[in-house]
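Take this structure first; my questions come after.
Sequence positions, counted from 1, serve as the residue numbers for this chain.
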Amino acid sequence: MVTDTISDMLTRIRNANMVKHQIVQIPTTKMSLGIASILKEEGFIEDFESYEQDSKKFILISLKYKGKEREPVICKIQRISKPGLRVYSNADKLPKVLNNLGIAIISTSQGVMTNLNAKKLGIGGEVLCYIW
């Protein structure tokens with residue numbers, strides 16, 4: 001049993017990107033669905049879909065590559081807040097990732113969103129990860 005489902009999801013995506021797999025299977029949680037929808041909105045993945053197999057729910061994420069060399073669109077995924085050390089940020093001190101070329105995924109009281117959306121709404125929260 002995995003205790004940190006967010007780290008598990010990010011590690012599965014990172015590993016599939018390194019070996020240039022087209023799809024990756026991830027166990028479904030509300031947080032992983034939220035992160036997958038943000039990755040799709042921001043253009044880091046092609047698409048995702050949920051399915052059920054043997055009464056267990058999974059997400060299939062279709063990874064995105066560019067060019068003939070199939071360079072991954074996701075260059076780096078870095079987990080920030082961990083179960084042993086939670087990292088929170090106020091609305092006025094939200095992180096910038098590569099001068100806003102990347103995104104930070106923030107868990108707020110109004111749901112999971114990017115650092116740019118949280119800044120527009122003026123709310124802070126837990127900084128989950130950086131993606132660029």
Over all heavy atoms of both residues, which pair between I23 and S62 is shortest? Give the atoms and the distance, please. CG2-CA, 4.1 Å
Checking side-chain contact (heavy atoms from CB on, under 4.5 Å) for the pair S50/L33: CA distance, chi angles, key distance, verdict? CA-CA 9 Å; S50 299; L33 281 171; 3.6 Å; yes
If I compare all heavy atoms of S7 with all of R79, which pair ends up nearest, and what's the gap? OG-NE, 3.1 Å
Separation of Q78 CD from L10 CG (nearest 0.5 Å): 10.5 Å
Pairwise distance OG1(T108) to CG(N117) - rounded to 0.5 angstrom: 9.5 Å
Partner set under ring-ring contact (aromatic ring centres under 6.0 Å, His included) for Y51, not counting sequence neighbours: F58
Answer whether the closest heavy-atom distance between the side chains of S107 and M31 falls below 4.5 Å. yes
Measure across I103 and N115 and return the closest heavy-atom pair with its distance rounded to 0.1 Å. CA-OD1, 4.1 Å
What donor-acceptor contacts under 3.5 angstrom involve side-chain atoms of residues 41-49, with partners at least two apart or in another chain?
| unit_1 | atom_1 | unit_2 | atom_2 | d |
| --- | --- | --- | --- | --- |
| D47 | OD1 | K40 | NZ | 3.0 |

Only distances under 3.5 Å count here; give the side-chain donor-acceptor pairs of residues 86-93 to other protein atoms, sequence neighbours excluded, each with its distance to 0.1 Å.
| unit_1 | atom_1 | unit_2 | atom_2 | d |
| --- | --- | --- | --- | --- |
| R86 | NH1 | E126 | OE2 | 3.1 |
| S89 | OG | K93 | O | 2.7 |
| S89 | OG | L94 | N | 3.4 |

Apart from V19 itself, which Ile, Leu, Val, Met, Phe, Trp or Tyr residues share its cluster (side-chain heavy atoms under 4.5 Å, direct or through members)? none
Here the ring-ring contact (aromatic ring centres under 6.0 Å, His included) pairs for residues 101-132, sequence neighbours left out, are none
Interatomic spacing from CD1 in I35 to CE in M9 - rounded to 0.5 Å: 5.0 Å
Result block: side-chain N/O donor-acceptor pairs under 3.5 angstrom for residues 69-77, not counting sequence neighbours:
| unit_1 | atom_1 | unit_2 | atom_2 | d |
| --- | --- | --- | --- | --- |
| R70 | NH2 | K20 | O | 3.1 |

Is there a path of hydrophobic side-chain contacts, each under 4.5 Å between heavy atoms of I/L/V/M/F/W/Y residues, joining I13 to I105? yes
Residues forming a side-chain hydrogen bond (donor to acceptor under 3.5 Å, both in side chains) with T29, sequence neighbours excluded: S32
Distance (rounded to the nearest 0.5 Å) between L116 CG and I106 CD1: 9.5 Å
Nearest heavy atoms of A16 and L63, plus distance in Å: CB-CD1, 3.6 Å
Would you list the atom pairs, donor with acceptor, under 3.5 Å between side chains in residues 95-102 and any protein atom, with sequence neighbours excluded?
none

Tightest non-hydrogen contact, residues I61 and A36, listed as CD1-CB, 4.3 Å
Could you list all the salt bridge (Lys or Arg N to Asp or Glu O under 4.0 Å) pairs where at least one residue sits in residues 6-18, not counting sequence neighbours? D8-R12
Would you mind telling me which of T114, I131, L128 makes a side-chain contact (heavy atoms from CB on, under 4.5 Å) with I38? T114
Between OG1 of T28 and NZ of K56, what distance do you get to the nearest 0.5 Å? 12.5 Å
